[in-house]
Amino acid sequence: MTEDQIEQNALELLASLGWQVLHGSDILTTSDQQGERRPVDAVIDQRLKNALKRINLDLNESALDEAYKKVLRSNEPDLLHDNRQFHNLLVNGIDIENRQGDEIRTQKARLFDFDNPVNNELVAVNQYTIMQDEYHRRPDIILLVNGMPLGVIELKDPTDEDATIKSAFNQLQTYKAEVPNLFRFNELLIISDGLDAEVGTISSNFERFTPWKTVDGEKEHSGEPMLEILLKGMCQPDRFLDIIRSYIVFERDEEKHTYIKKLAAYHQYWAVNKALDSTLNSIQPESDHRIGVVWHTQGSGKSLSMVFYSGKLVIDQQMQNPTIIVITDRNDLDDQLFGTFGNCNDLLRQIPLQADSRNNLQELLNQREAGGIIFTTNAKFFPEEGDDYPE
């Protein structure tokens, strides 16, 4: 199977999942044709503008235009920091200030419709020409949502001994260096040689790229091309949006004064979603109010699983802004988890708190009717005789 055949198979699979498939040359503006985009544009402008208008029916033209400009505006010289800024706009929306009489009112412009996934436009484009300075590059497949290039798929020919999955990774590093404007908007990087396939982020080294081994979370698939499993497992439209919204975190690296962009592994994604379903079932009146247990092996990322789970609880409307208490049995583990959560506060949308005593824990709980993430050891959580915790 050639690289072109792999590309066509991938596009056909994406089409079967609900993506509109286009060829890059058909939408490109050249001297001979008027297309949807110029080679220097990473975003398909009109599709983004149409999506903003379709999703934000309460915003006037001035607000929509301001939102559009903020999507394209880069305020950070460093690519990773620039990407983090865009990611926050993508998942949390854009604050737009409108003057109404003597008052300034802040409205939220949304880039995704998370409540109604079919209201978003998902397009897969092959051979997406992108130009920046003297560089002219053409990634194999670009995944666009509402006109924004959120995914890049780079493929290599499995019959070429020199064209390995590692060479696909190296090709993406070249793209990042030469056409960084494309990667301001990137959420997922996918590499494949037609047999193996792995996914990572713009800050992932090759070792951090991982396979996605299951389509439905029930069993690992074998005997099928891993690219097919990955696309079916990650690129169903509602799942693609869910992964971007709740399973990507920018973890602060205090020593290097930067961030590491991390994507949940497939087992973390499925474990957290099942845990959330169990949690929502447990709060129903007829439930026995038991949620269950998630087992992790050592080194499988339990700390980040807890972060992803907490992040989903925070935004779930049925939970109504819950207070989350993380209880450990050792001070060093309490400090470790508190540090992980604190380094991931973008996803949590708040800064976690750590109780330093029994009295402090009660103060932290009494200060709030709802909301907050509080860390404590079980020794601090256990009340002294005659001293009950608030319900």
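In this structure, R368 places its CZ atom where more than 12 heavy-atom neighbours from other residues, nucleotides or ligands lie under 6.0 Å away. Atom CD of Q317 sits in a sparse spot, with 12 or fewer heavy atoms from other residues, nucleotides or ligands closer than 6.0 Å. By the neighbour-count criterion of 12 heavy atoms within 6.0 Å, atom CZ of R252 is densely surrounded, having more than that number from other residues, nucleotides or ligands.
No donor-acceptor pair under 3.5 Å is formed between the side chain of N56 and the backbone N or O of D58. Judged purely by atom type and a 3.5 angstrom limit, N345 uses its side chain to pair as donor or acceptor with the backbone of G342. In this structure a side-chain-to-backbone donor-acceptor pair under 3.5 Å is missing from N120 to F112. Judged purely by atom type and a 3.5 angstrom limit, Q362 has no side-chain atom pairing as donor or acceptor with the backbone of R358. In terms of modelled atom types and a separation under 3.5 Å, the side chain of S203 and the main chain of K261 share a donor-acceptor contact. Q268 places a side-chain N or O within 3.5 Å of a backbone atom of G301 that can act as its donor or acceptor partner. In this structure a side-chain-to-backbone donor-acceptor pair under 3.5 Å is present from D113 to D115. Looking at N60, its side chain does come within 3.5 Å of a backbone N or O of A63 through a donor-acceptor pair. Remark: the backbone N or O of V294 is not paired with any side-chain donor or acceptor of K274 at under 3.5 angstrom. S192 contributes no side-chain N or O that, together with a main-chain N or O of L155, makes up a donor-acceptor pair within less than 3.5 Å.
Both the sub-6.0 Å distance and the 45° axial angle are not jointly satisfied by R239 relative to the ring of Y247. Y68 carries K49 over the face of its six-membered ring, with the cationic atom under 6.0 Å from the centre and within 45° of the normal. A cation-pi geometry, defined here as NZ or CZ lying under 6.0 Å from the six-membered ring centre and within 45° of its normal, holds between R245 and F114.
Each of W212, F169, F209 was checked for a side-chain contact (heavy atoms from CB on, under 4.5 Å) with E198, and the lone residue meeting it is F209.
R137 and Q132 form no side-chain donor-acceptor contact under 3.5 Å, judged by distance and modelled atom types alone. Under 3.5 Å, the side chains of K380 and N360 contain no donor-acceptor pair of N or O atoms. For H23 and Q127, the side-chain atoms include no donor-acceptor pair closer than 3.5 Å. With hydrogens and angles left out, the side-chain atoms of S282 and T279 include no donor and acceptor closer than 3.5 Å.
Here the CD-CG distance, from Q33 to D26, works out to 7.0 Å after rounding to the nearest 0.5 Å. Between the CD atom of Q318 and the CD atom of Q284 there is a distance of 6.5 Å, given to the nearest 0.5 Å. Note: N50 CG to I55 CD1 = 10.5 Å, rounded to the nearest 0.5 Å. Atom CD of E121 sits about 8.0 Å away from atom CD1 of I44, to the nearest 0.5 Å. The distance from atom CG of N146 to atom CG of L52, rounded to the nearest 0.5 Å, is 8.0 Å. Between Q173 atom CD and N205 atom CG the span is 9.0 Å, to the nearest 0.5 Å.
Taking the six-membered ring for Trp and thresholds of 30 and 60 degrees, H87 and F250 have ring planes inclined between 30 and 60 degrees apart.
Among residues at least two apart or in separate chains, salt bridge (Lys or Arg N to Asp or Glu O under 4.0 Å) pairs with a member in residues 326-336 are R330-D332.
Comment: K312 engages D242 in a salt bridge, judged by a side-chain N to carboxylate O separation of less than 4.0 angstrom. A salt bridge does not link R184 to E76: none of the charged nitrogens lies less than 4.0 Å from a carboxylate oxygen.
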